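Remember, predicted model here, so these are calculated numbers, not experimental data. By convention in this document, chain letters (A, B, ...) are assigned in the order of the sequence lines, proteins followed by strands, and residues within each chain are numbered from 1.
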Amino acid sequence: MTGRPTILTRTIKLSILIIFLFLSLFCHLLTAQALPAAIPDSSSFQASPPTNVRAVDFKYDRGEALEVRWNLSSDDTGSNFITGYEVFRAGEKSDSFVSVGFVAPKTESLTDKSVERGKLYRYKVATNYKGNLAYSEISAAVAPEMDPINWNLLNLFIIGLIIAGAVIYFIAHAKRGKKLFIRKIAGLEAIDEAIGRATEMGRPILFIPGINDMDDVQTIAGITLLGRVAKVVADYDIKINMPVSRSLVMTTARETIKEAYLGAGRPDAYNDDMVRYITDEQFGYVAAVDGVMVREKPATCFYLGAFFAESLILAETGNSIGAIQIAGTAQPAQLPFFVAACDYTLIGEELFAASAYLSNEPKQLGSLKGQDVGKLLAMIVIIAGVLSATIASAWGSEFFAKLTEYLVRIFTIQN
Amino acid sequence: MKRQVPLLITLIVGTVLILSVFFPPAERLGEDFSIFFDIIAVFAFFLGGGNLVRIHGNRLYRKGKDWGFSLVTLLGFFIMLIAGLFKLWNPGGISADVTATGSLFQMLYDWIFNPLGATMYALLAFYVASASYRAFRAKNREATILLIAAFVILLGRTPLGVYATGWIPESFSLVQIPNLAIWIMSSPNLAGQRAIMIGIALGVISMSLRLILGVERTYLGVDSE
């Protein structure tokens, strides 16, 4: 229901318009005043060059980089006054400088990774103002050198050494016959039950080792689990179907299954076609596997390896055909999908622990115990860090602030 | 011998790759090993392609079950292979880039392969809905917490969340739904993710050591020494 606008309404609208126009004008004037008093004419103005240009060897590398540093130009005022800095390089005796990089204003260094070890190089840096270059003095000649040890990673080395030492210690400890307690992992306990179900139903088992190649540790973890699964499969004489998306995974999986059948004393039952290559393409592979699932209706599906966007498509298709599904991945983003759609999910570390857990071999179980030392270390440091940061923040304690900073530095990888 | 050689290769390659992180002179060796892997993977691709043709060729020849799918697979494989190898309809001829605009290979890729891939990807939207429906049913305490958290996050990412709690004063801004959603994502969720990541890192170290030291041999088809 709309009537004719009253005089009051029209007056209000007009007032709003006038206020808006006034504000626009005011803002415009304000902005105009905020602009630099005078932007020089690019044709005549020459910005001042950067000073104190020096080249230093890039630390802890193979002698393939030099770091060029300089002090900012006095015209680098932070209001986009200059366009940036261009870095030029020449050999020790050469005067022909070539550009090796351009960086934004307020930047005081550039790493030149196009140098050769042992050769001497000199640098100059130019302030760029709309194409006009103001060159600095030429730096002293410096040659990149190789460092035998990357001391930046000393913290990582020590932490790795502690964890690796703990793993090796517990492997040796277990070798001596000491009993170790390992918590139960439901997903692994269910493997036999899932294979048994396939046997009862007379349907195949589907095993997907992820979509990454053999250079991914998740795929290796999947293949080690395949060895365990294939052994039971060979014992029960069930059909295993393994479509893969990488040729190397195909050859490795074939060897693993073949050995499992040999171990079970049934080499004649092994068939190369149990493992077949589909395609490297992610969604082409998913389409083919979904087709296999819908047509063959496997009783049990294993998804153990590296998965990405295809995780939920596979798991939901498996769910729709009523298969028991056991998944495991170390891709944190895919874990919720597997948890939602599968019966059992091996979360992160459980995937890597699976083979050791199933082997029940003391040496392998010992390695899991060593892993726990790493967890304990992480827990202690996290609790110490949280307490220290809280105390530093709440009471302004300098000691705890430094302790927090120190802990952060220790657990930060600098490269 | 069949067991010892792979174990020795694993030991050498694993050790060199670890050393290459800490000792710059060994970096090149680490890179070389990665290149060796790529070379092996390229040769293995012939095995993969051969396996695909053999399996589907056999099924087609014997008119086995679902042989129609095998026909489509083989046609797709060979048409793409021929279009790419001989650079059919390539504007620049045989010497030009195989992915040049207007080439048959690129047309097949853009007009058939890409839409098919996008179709598969689009299925995800429906699967997310069905999986969420199952996951968010408040069957127990954990599922109820999950449901509430998911509801807050979903609402917090929509304008409705802003309108619904925008009236709450600034001093209580944390209970505004968008802020609550941010807090859930950046505190409890991130803490959980990091815990999983720490576990994964430790699991990788432990598994790698088992492989390097030859304790884990399942991939060779044997359980123990």
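- Per-residue heavy-atom pair counts under 4.5 Å with chain B were compared for A:Leu312, A:Leu368, A:Ile347, and the maximum is reached by A:Leu312.
- For the pair A:Glu316 and B:Arg134, the salt-bridge criterion is met [side-chain N within less than 4.0 Å of a carboxylate O].
- The contact between A:Thr251 and chain B is made entirely by side chain atoms (from C-beta outward), counting heavy-atom distances below 4.5 Å.
- What you find for B:Ser206 and A:Ser367 is that their closest heavy atoms are OG-O, 3.3 Å.
- In terms of non-hydrogen atom pairs under 4.5 Å with chain B, the most contact-rich of A:Gly63, A:Pro148, A:Gly291 is A:Pro148.
- Using a 4.5 Å heavy-atom threshold, the side chains of A:Arg62 and B:Pro25 count as separate.
- With a threshold of 4.5 angstrom between heavy atoms, A:Ile382 approaches chain B through side-chain atoms but not through N, CA, C or O.
- Contact check on B:Arg217 versus A:Glu259 returns no salt bridge, with no Lys/Arg side-chain nitrogen under 4.0 Å from an Asp/Glu carboxylate oxygen.
- You'll find the side chain of A:Leu248 stays beyond 4.5 Å of the side chain of B:Phe45, heavy atoms only.
- Heavy atoms closer than 4.5 Å to chain B are found nowhere in A:Asp372, neither backbone nor side chain.
- The main-chain N or O of B:Pro24 is never found under 3.5 Å from a side-chain atom of A:Asn150 such that the two would form a donor-acceptor pair.
- Shown here is A:Phe411, whose CZ atom has more than 12 heavy atoms of other residues, nucleotides or ligands within 6.0 Å.
- Here the closest non-hydrogen pair linking A:Gln371 and B:Gly203 is NE2-CA, 3.6 Å.
- Within a 6.0 Å sphere centred on CZ of B:Phe126, heavy atoms belonging to other residues, nucleotides or ligands number 12 at most.
- Neither the backbone nor the side chain of A:Glu350 has a heavy atom closer than 4.5 Å to any heavy atom of chain B.
- Interface remark: of the candidates B:Phe46, B:Phe37, B:Phe69, B:Phe37 forms the most heavy-atom pairs closer than 4.5 Å to chain A.
- The aromatic rings of B:Phe23 and A:Phe157 lie perpendicular to each other, with more than 60° between the two planes, well past the 30° mark.
- Interface residue A:Asp215: backbone and side-chain heavy atoms are both found under 4.5 Å from chain B.
- Of the two parts of A:Ile168, only the side chain, counted from C-beta on, holds a non-hydrogen atom closer than 4.5 Å to a non-hydrogen atom of chain B.
- At a 4.5 Å heavy-atom cutoff, the contact between A:Ala221 and chain B is made by backbone and side-chain atoms alike.
- If you measure heavy-atom distances from A:Met379 to chain B, you find no contacts under 4.5 Å at all.
- By the 4.5 Å heavy-atom criterion applied to side chains, B:Tyr121 and A:Gln282 are not counted as neighbours.
- Side-chain contact between A:Phe352 and B:Ile200: present, with at least one pair of heavy atoms (C-beta onward) separated by less than 4.5 Å.
- Residue contact with chain B, scored on non-hydrogen atoms closer than 4.5 Å, involves the backbone and the side chain of A:Ile149 alike.
- The shortest non-hydrogen separation linking B:Ala135 to A:Ala340 is CB-CB, 3.8 Å.
- Ranked by non-hydrogen atom pairs under 4.5 Å with chain B, the options A:Ile313, A:Asp290, A:Ile223, A:Val217 are led by A:Ile313.
- Shown here for A:Ala356 and B:Glu216, the closest heavy-atom pair between the two residues is N-OE1, 4.3 Å.
- Taken from CG in A:Asp273 to CG in B:Asn58, the straight-line distance is 7.5 Å, to the nearest 0.5 Å.
- Closest approach of A:Pro332 to B:Gln193, counting heavy atoms only: CB-OE1, 3.6 Å.
- Taking the side chain as every heavy atom from C-beta outward, B:Arg210 and A:Val167 never approach each other to under 4.5 Å.
- Of the atoms belonging to A:Ile220, heavy atoms from both backbone and side chain fall under 4.5 Å from chain B.
- Of the residues considered (B:Asp66, B:Leu123, B:Ile205), B:Asp66 shows the highest number of contacts with chain A, using heavy-atom pairs under 4.5 Å.
- The environment of CZ in B:Arg137 is crowded: more than 12 heavy-atom neighbours from other residues, nucleotides or ligands sit within 6.0 Å.
- Of the atoms belonging to A:Ala164, heavy atoms from both backbone and side chain fall under 4.5 Å from chain B.
- Contact annotation for A:Val286: both backbone and side-chain heavy atoms come within less than 4.5 Å of a heavy atom of chain B.
- No more than 12 heavy-atom neighbours from other residues, nucleotides or ligands sit within 6.0 angstrom of CZ on B:Arg157.
- Residue contact with chain A, scored on non-hydrogen atoms closer than 4.5 Å, involves the backbone and the side chain of B:Arg28 alike.
- Among all heavy-atom pairs drawn from B:Ala44 and A:Ser247, the shortest one is O-CB, 2.8 Å.
- By number of non-hydrogen pairs under 4.5 angstrom with chain A, the leading residue of B:Ile55, B:Leu47, B:Ile40 is B:Ile55.
- Chain A forms more heavy-atom pairs under 4.5 Å with one residue of B:Ala131, B:Ser132, B:Gly192 than with any other, namely B:Ala131.
- Taking CG of B:Asn51 as the reference point, atom CZ of A:Arg254 lies at 4.5 Å (rounded to 0.5 Å).
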